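Each remark here refers to the structure printed beneath this line.
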Amino acid sequence: GTVSLDETESRVALGWFRCWSCGASVSWNTLADQVGMRKLRKKRKSPDDYAKPSSFRQNLLGEEADDDPRVGNKAWSEDYSKLKFKSGWKGMEKWRGISTRMLDKIGARLAYHTERDRYYVWLPVEVRGTLRGYVLAKLEKPTPFVDREGKKVVPPSYLNAPGRWSNEYGLIYFDYAVSMANELGVDTLVLCEGPRDALRLLRYKIPAVSVLGALNWSEAKRMTVERSGINNLILFMDGDKAGEKAARGIYRDVKMHFGTKVIKTWKLEPGADPFSCSKSLLRIVRSKLIYSE
């Protein structure tokens, strides 16, 4: 669909929201108004703001950039400090169909965000032994609502930690999945879209990671996977148009670097995803892992 932008807001990286599933893109203040979050101050940029390269870099990337050697990988440190981690799961046995026992295995924790006054499932993104970022998952699937302009709004289920880490390291459960592949004696990894998709596959002993959205793939992620010793990939995207588009795009990037297979969910089980698909489709994926040994 189309979006209308406030003329006082400029489209820069800081303060801009994009959905990595459907591609929708709006200013942060527009999103905040729809989901009831705090807005950024509206301030028109002047040429003086960009007079110095260092000032431009700060305005473009925010106060901290996770690839900046001055701050290391801590672009999300301010937000992280507002999380209060809880011991246990406060009586929760499952989170949206995933057992808390499985969540414990991948290092997830229940966290309270003091600024947002809300509990989240904190999903760490550990790549090569380092915490590169994290995802905050809402405890329940948000309920769609109609905004003041009469448009249907579907609030996001997941919030990425601030910073640019997701472009290179947005491969959730990466270390856990690679370790599982090594234990199984395979060098194959399954790529899927959402965090729950990958969790269901991991539960069935299928080494899988979430790329955090259908459109959120990059050359940097491909190189991260290459450095892990993985030689084969299985692309298992959602069975809709966005999933098909994502599979085609990722395949073009990885086909010369990995032995690559595509599970065409949109043909086998249209509309399904790895979390909701049949067990028979999961068995197909497992058999392809066995064949790659």
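None of these values were measured; they are calculated from a predicted model. This chain uses plain numbering: 1 for the first residue, then up along the sequence.
Side-chain contact annotation: E269 with S278, donor-acceptor N/O pair under 3.5 Å present. Side chains of D238 and W266: no donor on one and acceptor on the other come within 3.5 Å. Side chain to side chain, S276 and D273 meet the donor-acceptor criterion of an N or O pair below 3.5 Å.
Side-chain atoms of N231 do not come within 3.5 Å of backbone N or O of D187 as any donor-acceptor pair. Checked by atom type and distance alone, the side chain of S99 never pairs as donor or acceptor with a backbone atom of K94 at under 3.5 Å. Using a distance-only test at 3.5 Å, with no hydrogens or angles considered, no donor-acceptor pair links the side chain of S218 to the main chain of E168. Counting only distance, with no hydrogens or angles, the side chain of K221 and the backbone of N216 share a donor-acceptor pair below 3.5 Å. A donor-acceptor pair under 3.5 Å links the side-chain atoms of R196 to the main chain of R96, judged by distance alone. Side-chain N or O atoms of S179 include none that pairs as donor or acceptor with a backbone N or O of D175 at under 3.5 Å. A distance-only check finds no donor-acceptor pair linking the side chain of S210 to the backbone of A198 [under 3.5 Å]. Although no hydrogens or angles enter the test, the distance criterion places a donor-acceptor pair under 3.5 Å between the side chain of S81 and the main chain of E78. At distances below 3.5 Å, not a single donor-acceptor pair connects side-chain atoms of Y120 with backbone N or O atoms of L83. Without hydrogens or angle criteria, K82 side chain to R116 main chain gives no donor-acceptor distance under 3.5 Å.
Side-chain contact check for R128 versus Y169: every heavy-atom pair is 4.5 Å or farther apart. Considering only heavy atoms from C-beta on, T260 stays 4.5 Å or farther from N232 through its side chain. Using a 4.5 Å heavy-atom threshold, the side chains of L233 and L191 count as touching. Annotation: side chain of V153 is not in contact with side chain of V146 (no heavy-atom distance under 4.5 Å). I98 is not listed as a side-chain neighbour of V121, based on a closest heavy-atom distance of 4.5 Å or more. By the 4.5 Å heavy-atom criterion applied to side chains, L235 and I263 are not counted as neighbours.
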Mind running side-chain contact (heavy atoms from CB on, under 4.5 Å) on Y204 and K279 for me, showing each step along the way? CA-CA 10 Å; Y204 280 90; K279 291 183 179 180; 3.2 Å; yes
After noting the C-alpha distance and the side-chain angles of K205 and M180, does the key distance pass the side-chain contact (heavy atoms from CB on, under 4.5 Å) rule? CA-CA 8 Å; K205 291 294 182 180; M180 178 182 289; 4.2 Å; yes
In sequence, state the C-alpha distance, the side-chain angles, and the governing distance for V125 and F174, and then conclude on side-chain contact (heavy atoms from CB on, under 4.5 Å). CA-CA 7 Å; V125 180; F174 184 78; 6.0 Å; no
For L282 and L201, what are the C-alpha separation, side-chain angles and deciding distance, and is it a side-chain contact (heavy atoms from CB on, under 4.5 Å)? CA-CA 8 Å; L282 292 186; L201 300 182; 3.3 Å; yes
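Rounded to the nearest 0.5 angstrom, W217 CH2 and R222 CZ are separated by 8.5 Å. Here the CD atom belonging to E219 is positioned 10.5 Å from the OG1 atom belonging to T224, to the nearest 0.5 angstrom. How far CG of N160 is from OH of Y158: 11.0 Å, rounded to the nearest 0.5 Å. A distance of 12.0 Å separates CD1 of I250 from NZ of K245, quoted to the nearest 0.5 Å. Summarising the geometry, atom CZ belonging to F258 is positioned 13.0 Å from atom CD1 belonging to I234; distances are rounded to the nearest 0.5 Å. Residue H257 holds its NE2 atom at 9.0 Å from CE of M223, rounded to the nearest 0.5 Å.
Nearest heavy atoms, P195 versus Y173: O-OH, 3.0 Å. In terms of heavy atoms, A246 sits closest to M237 at CB-SD, 4.1 Å. Of all the heavy atoms in K138 and P156, the pair that sits closest is NZ-O, 3.1 Å. A pairwise comparison of heavy atoms in P124 and I106 identifies CG-O, 3.8 Å as the closest pair. Among all heavy-atom pairs drawn from P207 and A177, the shortest one is CB-O, 3.5 Å. Summarising the geometry of T265 relative to A272, their closest heavy-atom pair is CG2-O, 3.7 Å, with the distance given to 0.1 Å.
Residues L139 and L159 are members of one and the same hydrophobic cluster, defined by side-chain heavy-atom contacts under 4.5 angstrom among Ile, Leu, Val, Met, Phe, Trp and Tyr. In this structure, F275 is not a member of the same hydrophobic cluster as V154, with clusters built from ILVMFWY side-chain heavy atoms closer than 4.5 Å. L289 and L268 fall within a single hydrophobic cluster, where Ile, Leu, Val, Met, Phe, Trp and Tyr are joined by side-chain heavy atoms under 4.5 Å apart, directly or via other members.
R252 CZ: 12 or fewer foreign heavy atoms inside a 6.0 Å radius.
Ring-centre distance between W76 and Y80: below the 6.0 Å cut-off.
Not a single side chain to side chain donor-acceptor pair (under 3.5 Å) links N167 to another residue, sequence neighbours left out. Shown here are the side-chain contact (heavy atoms from CB on, under 4.5 Å) partners of R109, two or more places apart in sequence or in another chain: F85, W122.
Residues E244 and K241 are not paired through a salt bridge, judged by the lack of any N-O separation under 4.0 Å between the basic side chain and the carboxylate.
Sorted by first and then second residue, the ring pair (Phe, Tyr, Trp, His ring centres under 6.0 Å) pairs involving residues 91-115 (not counting sequence neighbours) are Y112-Y119.
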